[in-house]
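Count residues from 1 along the sequence.
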Amino acid sequence: MLEFATPLQMGGGGFLYWAIIFFVLAIVAAAVGARGVAGVSMEIARIFVLIFIILAVVALLL
């Protein structure tokens with residue numbers, strides 16, 4: 001019966017993926033000198049990482 005169980009993380013890897021994308025964008029923007037874009041990208045990445053951590057903890061508790 002366990003072989004038919006589907007994990008909770010089946011389609012929810014989007015937050016971490018987008019956090020990494022915005023982090024890389026922030027590093028590139030900082031290297032080019034666009035500090036405004038780098039700051040905004042880091043904030044978005046930070047928010048996505050926090051959402052990912054909260055959802056991961058909730059998924060582990062359920």
Side-chain angles (χ1 to χ4, degrees):
M1 192 68 173
L2 286 176
E3 62 267 10
F4 298 114
T6 57
L8 292 175
Q9 296 87 2
M10 197 68 176
F15 285 111
L16 191 59
Y17 171 78
W18 284 108
I20 292 170
I21 294 295
F22 278 108
F23 179 70
V24 170
L25 177 66
I27 290 176
V28 170
V32 172
R35 287 188 279 166
V37 174
V40 171
S41 296
M42 281 304 293
E43 284 298 315
I44 293 172
R46 187 179 66 88
I47 290 169
F48 280 152
V49 167
L50 289 176
I51 291 172
F52 172 77
I53 290 172
I54 291 169
L55 291 177
V57 168
V58 168
L60 287 174
L61 292 176
L62 294 178

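Other cluster members for I27: F23, M42, joined by side-chain heavy-atom distances under 4.5 Å among Ile, Leu, Val, Met, Phe, Trp and Tyr.
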Please tabulate, for the side chains in residues 48-62, all donor-acceptor contacts under 3.5 angstrom to protein atoms that are two or more places apart in sequence or on a different chain.
none

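Contacts of A34 classified as side-chain contact (heavy atoms from CB on, under 4.5 Å), with partners at least two apart in sequence or in another chain: A29, V37.
The nearest pair of heavy atoms linking A26 to S41 is CB-CB, 3.6 Å. The minimum heavy-atom distance between A45 and A19, with the atom names listed, is CB-O, 3.5 Å.
To the nearest 0.5 angstrom, I47 atom CD1 is 15.5 Å from W18 atom CH2.
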